[in-house]
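Below is one structure, written out as structure tokens, with a few remarks after it.
Positions are given from 1 along the sequence.
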Amino acid sequence: MKNKEVYKKLHNIFNDTVFSRFTSHFSRRENAFTLAEVLITLGIIGVVAALTIPTLMANQRKKVVETRLAKFYSSINQAIVRSEVDNGDKKDWFDDLEGAQMDDEGKPIEGSSETQKWFNTYLAPYMQILKQEIDSTGHLIVYFPDGSAMKQHFDDSSREWIFYPDKPEKCIEENSGYGKCSFLFMYYPAKAAHGNGSENSDFKYHIGKGFEPFKWHWDGKTSTLYENCRNGGKGVQDHAYCAALIQQNGWKTPKDYPFRF
């Protein structure tokens with residue numbers, strides 16, 4: 001009797017297991033997606049991705065530009081403050097210097113850049129720097145660990161500098177203008193030695209200060225920053241005020257900023 005009861009129990013367990021698996025399999029078959037449904041779903045996902053990914057990437061690039069502009073402004077001016085402890089007032093050690101001299105083959109002569117010597121004396125010891133180089137025009141380029149860089153603007157002056165928040169080599173090669181992948185700064189803490197009053201007035205937003213977004217000849221109006229950044233002109237280099245416009249907005253690009261990054 002006991003054996004029959006054990007057999008009956010095992011038989012019931014077997015039947016229940018088989019039935020359960022059969023119904024489970026049948027249910028899965030009923031709930032499965034068809035090929036058409038899968039393709040439609042993938043198509044919808046593709047459309048959504050195509051619409052959202054470019055915006056996400058643009059927002060990320062904008063964030064990189066804003067963050068590195070603010071970081072550069074802070075770090076280089078902190079370096080000036082620290083340098084003043086060792087070297088005295090910045091007005092006394094500022095000098096408007098030339099870039100590297102070129103040899104007969106048009107290549108920069110190593111060690112001939114007065115700007116580089118000055119930079120390595122007064123600023124480089126107080127900043128984190130990845131590397132330096134002299135380009136084919138004799139301009140000093142300084143690369144930073146976060147992927148940004150600064151470049152001497154003119155070969156006969158060290159007062160204006162171009163800042164590249166990201167991918168400086170690509171930006172230099174494309175030469176797409178200020179406000180997109182490059183931004184103009186000026187370092188001119190001392191009054192012009194032989195300049196008249198009007199010349200010094202043009203530099204009033206730079207004299208006595210450190211590295212500032214380019215504001216030469218600025219009339220102090222935010223509307224002028226917008227106009228120059230958007231359309232250029234008015235006696236100032238085209239789009240030279242874009243960095244000052246972003247600074248004016250708390251290092252955030254305004255909603256109606258004229259360029260995409």
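Taking hydrophobic clusters as Ile, Leu, Val, Met, Phe, Trp and Tyr residues chained together by side-chain heavy-atom distances below 4.5 Å, Leu69 shares a cluster with Leu130. Hydrophobic clustering, with ILVMFWY side chains joined whenever heavy atoms are under 4.5 angstrom apart, groups Trp93 together with Ile207. Placement of Phe211 and Phe154 in two distinct hydrophobic clusters is found when ILVMFWY residues are connected by side-chain heavy-atom separations under 4.5 Å, directly or transitively.
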Given the rule in the side-chain contact (heavy atoms from CB on, under 4.5 Å) test, do Gln78 and Tyr126 qualify, once you have shown the distances and angles that lead to the verdict?
CA-CA 8 Å; Gln78 286 178 14; Tyr126 308 96; over 6 Å; no
Go through it in stages, so that I can follow the logic: the residues are Leu184 and Trp216, the test is side-chain contact (heavy atoms from CB on, under 4.5 Å), and I'd like the CA-CA distance, side-chain angles, deciding distance and then a yes or no.
CA-CA 11 Å; Leu184 191 58; Trp216 177 83; over 6 Å; no
Can you list the steps and then say if Ser75 with Phe144 is a side-chain contact (heavy atoms from CB on, under 4.5 Å)?
CA-CA 11 Å; Ser75 62; Phe144 302 111; over 6 Å; no
Given side-chain contact (heavy atoms from CB on, under 4.5 Å), test Met150 with Tyr164 step by step and report yes or no.
CA-CA 6 Å; Met150 60 182 285; Tyr164 304 93; over 6 Å; no
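Partners of Asp92 under the side-chain hydrogen bond (donor to acceptor under 3.5 Å, both in side chains) rule, at least two apart in sequence or in another chain, do not exist in this structure. In this view, Leu42 and Val38 satisfy the side-chain contact (heavy atoms from CB on, under 4.5 Å) rule, not counting sequence neighbours.
Annotation: side chain of Ser113 is not in contact with side chain of Pro108 (no heavy-atom distance under 4.5 Å). Using a 4.5 Å cut-off on side-chain heavy atoms (C-beta onward), Phe119 and Gln152 make no contact. In this structure the side chain of Phe183 reaches within 4.5 angstrom of the side chain of Ile246, judged on heavy atoms. In this structure, the side chains of Trp218 and Asn228 stay at 4.5 Å or more apart for every pair of heavy atoms. Side-chain contact between Thr137 and Asp155 is absent, with no heavy-atom pair separated by less than 4.5 Å. At least one side-chain heavy atom of Thr41 sits under 4.5 Å from a side-chain heavy atom of Ile45. At least one side-chain heavy atom of Asn120 sits less than 4.5 Å from a side-chain heavy atom of Gln132. Counting heavy atoms from C-beta on, the side chains of Phe94 and Tyr188 come closer than 4.5 Å.
For the residue pair Ile80 and Leu123, the shortest heavy atom distance occurs at CG1-CD2, 3.7 Å. Scanning all heavy atoms of the two residues, the minimum distance from Asn77 to Gly210 falls at OD1-CA, 3.3 Å. Closest non-hydrogen pair, Pro168 versus Gly147, comes out as CD-O, 3.3 Å.
Note on residues 127-150: pairs passing salt bridge (charged side-chain N to carboxylate O under 4.0 Å, His left out), not counting sequence neighbours, are Lys71-Asp146, Asp135-Lys151. The stretch residues 91-161 participates, sequence neighbours left out, in no disulfide bond (SG atoms under 2.5 Å apart) pair at all. Under the side chain to side chain donor-acceptor pair (under 3.5 Å) criterion, the residue pairs touching residues 59-68 are Glu66-Thr253, Arg68-Asp166, with sequence neighbours excluded. Each salt bridge (charged side-chain N to carboxylate O under 4.0 Å, His left out) pair with one or both residues in residues 80-89, not counting sequence neighbours, appears once here: Glu84-Lys90. Among residue pairs with one or both ends in residues 36-85, those qualifying as ring pair (Phe, Tyr, Trp, His ring centres under 6.0 Å) are Phe72-Phe163, Phe72-Phe185, Tyr73-Trp251; sequence neighbours excluded. Pairs engaging residues 206-215 under the salt bridge (charged side-chain N to carboxylate O under 4.0 Å, His left out) rule: Glu212-Lys215 [sequence neighbours left out].
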With a 3.5 Å cut-off and sequence neighbours excluded, list the donor-acceptor pairs that the side chains of residues 169-182 form with protein atoms.
unit_1	atom_1	unit_2	atom_2	d
Tyr178	OH	His153	NE2	2.8
Ser182	OG	Gly177	O	3.3

Check residues 95-104 and write down every donor-acceptor pair under 3.5 Å in which the side-chain atom is one partner and the other belongs to a residue at least two apart or another chain.
unit_1	atom_1	unit_2	atom_2	d
Asp96	OD1	Ser157	OG	2.9
Asp96	OD1	Ser158	N	2.9
Asp96	OD1	Arg159	N	3.2
Asp96	OD2	Ser157	OG	3.4
Asp96	OD2	Arg159	NE	2.9
Asp96	OD2	Arg159	NH2	2.7
Asp103	OD1	Glu105	N	2.9
Asp103	OD1	Gly106	N	3.0
Asp103	OD1	Lys107	N	2.8

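The distance from the CG atom of Leu140 to the OG1 atom of Thr115 is 7.0 Å, given to the nearest 0.5 Å. Taken from OG in Ser223 to CZ in Arg230, the straight-line distance is 10.0 Å, to the nearest 0.5 Å. Atoms CD and CD1, from Gln116 and Ile141 in turn, are 11.0 Å apart once rounded to the nearest 0.5 Å.
Through side-chain heavy atoms spaced under 4.5 Å, either directly or across other Ile, Leu, Val, Met, Phe, Trp or Tyr residues, Ile109 is tied to no other residue. Counting side-chain heavy-atom gaps under 4.5 Å among Ile, Leu, Val, Met, Phe, Trp and Tyr, the cluster of Leu39 also holds Leu35.
Note on ring orientation: taking the six-membered ring where Trp is involved, the planes of Phe261 and Tyr257 are tilted (angle from 30° to 60°).
Of the possible polar contacts, one joining the Thr121 side chain to the Lys117 backbone as a donor-acceptor pair under 3.5 Å is found. Between the side chain of Tyr241 and the backbone N or O of Val236, no donor-acceptor pair lies under 3.5 Å.
Side chains of Asp202 and His217: a donor-acceptor N/O pair is present below 3.5 angstrom, by distance only.
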